[in-house]
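Here is the structure we will look at.
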Amino acid sequence: MPGDADDDMLSWDESVFRDESVFEIDYVPETFRHRESQLESLKYALRPAVRGSRPLNTVVRGPPGTGKTTAVQKLFSELRARTEVRTVQVNCQVDSTRYAVFSRLFEGIFEYEPPSSGISFKKLFGQITDRLVEEDEVLVVALDDVNYLFYENEASDSLYSLLRAHEAHSGAKIGVIVVSSDLSLDVIDDLDTRVQSVFRPEEVYFPVYDATEIYDILGERAKRGFHEGVIGDAELERVADLTADSGDLRVGIDLLRRAGLNAEMRASRTITTDDVEDAYDKSKHVHLSRSLRGLSESEQALVRVLAANDGERAGPVYEAFHEETDLGYTRYSEIINKLDQLGVIDAEYADVEGRGRSRELSLAYDADAVLDRLE
């Protein structure tokens, strides 16, 4: 990076970043470290697809920020570059119904979106499978963050349609990779028995990165993303330590970027430990930000009500929620369960004298941190 020996300050047109996109959460690194055995297991499951057969179905599990999505992205990229296998990765946080999932598959196969209305699921499904049969193609579907389909009670119907496609449409060859970050969710046991009878997946587990692996991965990102000399060993070690405490590699990636932005705000060519510490206040909530981003208006409304009634029982919270949204208790209860499963709130049952058991509701994060991150 250009600079004057007598001037450690950035000029207005200079940056500490060589390539800021390296620190985006969805960036796929050229070198994907410390996941060799998981990649081999996924390749084993996908190998039949390369030969024109249905691949083995797979469940990919692990805590958030352990490389699951990146692994699938890298393998799908290789398949597209080297084979005729069709691949579609569905973000179930965004597409959380069966119809939405198949709309995304339609778009991936035909390269344009289906009509937003006026087309039944049966017709949509038929057009997808007919194209696969006509072109004699194998389709591999990755349901990323499949836990969101479970939260909306859409998982069994979605998987049933995918897994039975070859029976409903002879010659259709579809394989499924199910990706879940919710360790409390047992993907197999929580499916309907009709789905369990046909879903016998391989299982691939992605553990939390250890401290050495985190330092190695973040060091590679820093090397690609920053100019030489921007971040020193001590500062990088601090980022790695904070990341290890969180257990989520995405915290560290976001932390590097924010620390760089803090240095630029000071017009400094180098990141200090203070830049890292100041950035951590925001970066530590990466998982919260991602969870809140996918909520509907009514779900966000309930989060706001909870922020104002933190620690209250479910009844009074419902009254405030109903007054704001006019929604009924059934939908309210469904949203409570979803927010609880997401880890945004804690819903604990407690005995109430003379009234049996009631749930006490509280935010799992500081109320100000939650409100700051709501859209």
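Keep in mind it's a predicted model, so treat the numbers as computed, not measured.
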Over 12 non-hydrogen atoms of neighbours within 6.0 angstrom of NZ in Lys282: no
Parallel, tilted or perpendicular, as decided by the 30° and 60° cut-offs, for the rings of Tyr318 and Tyr329: perpendicular
OH (Tyr44) with more than 12 external heavy atoms under 6.0 Å: no
Heavy atoms from other residues, nucleotides or ligands near CG of Asp189 exceed 12 (cutoff 6.0 Å): yes
Option passing side chain to side chain contact (heavy atoms under 4.5 Å, CB included) with Phe32 (candidates His34, Glu36, Arg35): Arg35
Aromatic ring pairing Tyr112/Phe110, orientation class (parallel under 30°, perpendicular over 60°, tilted between): tilted
Polar contact flag, side-chain donor to acceptor under 3.5 angstrom, Glu14-Ser11: yes
Shortest non-hydrogen contact from Leu327 toward His322: O-ND1, 2.8 Å
Geometric class of the His169/Phe125 ring pair [parallel <30°, tilted 30-60°, perpendicular >60°]: perpendicular
N-O pairing of Glu107 and Arg104 below 4.0 Å: yes
Option from Arg304, Arg293, Lys338 for which salt bridge (charged side-chain N to carboxylate O under 4.0 Å, His left out) with Glu299 holds: Lys338
Flag, side chain of Asn57 to backbone of Val176, donor-acceptor distance under 3.5 Å: yes
salt_bridge(Lys68, Asp144) N-O dist < 4.0 Å: no
Row check, Phe23 ring normal vs Arg221 NZ/CZ: under 6.0 Å, within 45°: no
Heavy-atom closest pair, residues Thr129 and Ala165: CG2-CB, 4.3 Å
Glu228/Arg18 ion pair, N-O < 4.0 Å: no
